[in-house]
2 protein chains.
Amino acid sequence: MTVTIKDVAKKAGVSPSTVSRVLSGHPRISLETSRKVKTIMEEMGYTPNMMAKSLVSKTTNSICIILPKPAEELFSNLFFMELIRGIVTQSSRSGYDVLISSGANEKEELEAVSRLLKGRRVDGVILLYSRKDDAVIDFLESSGYPFVLVGRSDRYEDILSVDNDNVMAAFDATNHLISMGHERIGFVSGPPNLIVSRDRLEGYRKAMQNSGLEMRPEWIVEGEFLQDSGYRAMSFFMNLPNRPTALVAVDDMVSFGVLRGLNELKYKVPEDLAIVSFNNIPLSELSSPPISSIDIGIYHLGYTASQVLIQTIQKPDNDPGYTNRFVIPHRLIVRESSMYAPGKK
Amino acid sequence: MTVTIKDVAKKAGVSPSTVSRVLSGHPRISLETSRKVKTIMEEMGYTPNMMAKSLVSKTTNSICIILPKPAEELFSNLFFMELIRGIVTQSSRSGYDVLISSGANEKEELEAVSRLLKGRRVDGVILLYSRKDDAVIDFLESSGYPFVLVGRSDRYEDILSVDNDNVMAAFDATNHLISMGHERIGFVSGPPNLIVSRDRLEGYRKAMQNSGLEMRPEWIVEGEFLQDSGYRAMSFFMNLPNRPTALVAVDDMVSFGVLRGLNELKYKVPEDLAIVSFNNIPLSELSSPPISSIDIGIYHLGYTASQVLIQTIQKPDNDPGYTNRFVIPHRLIVRESSMYAPGKK
DNA sequence: CTGTGTAAAGCAAACGGTTCCATGAAGGAG
DNA sequence: CTCCTTCATGGAACCGTTTGCTTTACACAG
């Protein structure tokens, strides 16, 4: 038998309300009673029943992460785990539990979100993707439940979101190469329907333009966030008559592919081709040579998302006009793959 | 205002009990009433309040994963994410939600577990590690709450657990090399306090012994589940007077280190040294050459853990004497790194 | 000695369900 | 035409907390 507030009350010779008030630190409880009740709770091993508490308070002290459908890729796994760690750490510091849910498709996801929110199992939701049109976002927005998007969506301007400034990040990455003396710089992009690909491409363009460098269309290739894309891009670039001396890749995985290809063809990095990429996965510093990468602070992204969400849950006076887009700073980590000035050759 | 069972009842002209019975598919409800109530529920957008339900049923339809303290390593992240995916998928199929929790230290973990279980927020727990002595396991065992351990513990014999047969896996890996014609085979182990290291080492020994091969102490080196360990082990092995022609490494990350080292020294894989390792992380097939690896079915491990736990929750007649250790099959994936018969040299 | 203010604690009604028990109607057996 | 079942439903208690409203008990001013 589990011990309830009534058992404690009986043993302490007070009413259940008093015990409840002791628990919540109500001011009008004498120090004496408070102490007595507390020791008895300790003695009896009392733990409050969260369900009963939630039922009356209409609050659950838990939030939910919606994972996108299983993305089998290496980076996804690393990315999500890191994000989850950030979220869980912050949430637990704020006294919130974290539920994690996922659906095989958008319909299932919507059902899950609706069930959890309307069924009062969670107080808010963190979304981990950004599709263009999204039934889940539509539902959340219209029903007014607190939620935060990790990523960014240009279709929904006024929702809470946490993201990097990917344009700026790519600008920085490209500028780094430019400042090393490179003038012919290639770009390996990701799927064009992802906003992150577009943003990074834009940043690259801005940097090139900003320095008055030539931008050839054949220096920009599209791919996936996968090694293979890098491999293919590399062989394409290296066969160009006037080939780039450096390249920016949207993802570290792409860099690994480039590296492998260059290695096979006996090219040297960074002498024959300098490389900078994004995300700074743990592997980037372990490859040979280690890859320069933009650290996007994944953990921090998750940590902040949780913070913003919980803040919103706790005071829903939704500061109209105030910031609703939180930008996590990025940081260029310069490693061997870009430490070479071509001019000296 | 959210719509409750009473609102539905009123609108349908029946009592709340009837609505509840319709919801739970009670047999003694006329088809007509059932249909009517169901359409009204649909119309009004009724979603049952999980808290109220849990309060009375003393069951939450959710389980909890306890993550060990942030292990920053690459493999951990990949491993845990894959495991979580398996757990979440299976749980959601069984209609269970998954909470994920972690603590900075054992004390915090224990507090969390206790709060969640005794506070009736979850019905059971999945533990993702196996320390030797563990206050959390002690608590769970003595309090009788349902839980499953992913991994294995020799201190606790009779608890539910899901794991691989690591001895057999290492046996298979080693035998593969032996069957290719190798006779001098090295082993790069992990931290000796981890059971998985010990088991795999044992499997290696068994295989060598079983084939009557010589086992030199200097062919066995200890390390971590990290690239660096592989790098060091490699340079140690290659400087041995009678060096191994093949090696088994406890983890793919170790293989990457070995590979990098061999590459720097211009050795060829598998001609100069054949390699097999464990865990088959997504990267193993992308390295050059691709690494032969034992796939331990991480997703499956999680999937099964969830299945076993939920089964136990639902029928706690704990089949005494029945299996309480579930073994997930492993599978040797042969790739280029071990496809070479040394005899032919 | 009565009236008033205040601190401390109790009572009872929620919160939204589930479920045991009671009840009425209908159908069949005797 | 009763009496007993069976079936479909209603009534009410309860799950463990919280909380607004009372009540009790003083202390003190008038």
*For the side chain of Arg21(B) and the base of dG10(D), is some donor closer than 3.5 Å to an acceptor across the two?*
yes
*Hey, does Lys58(B) reach any base, or is it just sugar-phosphate, or nothing, if we go heavy atoms under 4.0 Å?*
sugar-phosphate
*Between dG16(C), dG16(D), dG10(D), spot the one nearest the side chain of Val14(B), thanks.*
dG10(D)
*Presence of Thr4(B) side-chain N/O under 4.0 Å of dC15(C) phosphate oxygens OP1/OP2*: no
*Can you tell which of dT18(C), dT18(D), dG17(C) lies closest to the side chain of Ile5(A)?*
dT18(D)
*Out of dG16(C), dT9(D), dG16(D), which has the shortest distance to the side chain of Ala52(B)?*
dG16(C)
*asked:* Between P on dG16(C) and CZ on Arg121(A), what's the gap in Å once rounded to a whole number?
replied: 17 Å
*What is the distance, rounded to the nearest whole Å, between atom CD of Glu32(A) and atom P of dA25(D)?*
16 Å
_Atom-pair distance (NZ on Lys53(A); P on dG16(C)), nearest Å_ = 18 Å
_Interatomic distance, Asp7(B) CG vs dG17(C) C1' [rounded to whole Å]_ = 13 Å
*Check ion pair Glu111(A)-Lys107(A) (N to O, under 4.0 angstrom)*: yes
*Do any side-chain nitrogens or oxygens of Ser15(B) fall under 4.0 Å of OP1 or OP2 in dT9(D)?*
no
*To the nearest Å, how far apart are Leu23(A) CG and dG16(D) C1'?*
12 Å
*asked:* On the nucleotide dT19(D), are OP1 or OP2 found under 4.0 Å from the side-chain N or O atoms that Ser20(A) carries?
replied: no
*Validation row: Ile66(B), Val136(B) side chains within 4.5 angstrom (heavy atoms)*: no
*How many Å lie between CZ on Arg28(A) and C1' on dT19(D), as a whole number?*
14 Å
*asked:* How many whole angstroms separate atom CG of Asn49(B) from atom P of dC15(C)?
replied: 11 Å
*For Leu55(B), report the nucleic acid contact type (base, sugar-phosphate, nothing); a contact means any heavy atom under 4.0 Å.*
base
_At 4.0 Å (heavy atoms only), tell me whether Ser30(B) reaches a base, stays on the sugar-phosphate, or touches nothing._
sugar-phosphate
*Given DNA chain C, 5'-ward residue of the pair Met51(B) and Thr18(B), judged by closest heavy atom*: Met51(B)
_Length of the line joining Arg120(A):CZ and dT17(D):P, which is rounded to integer Å_ = 20 Å
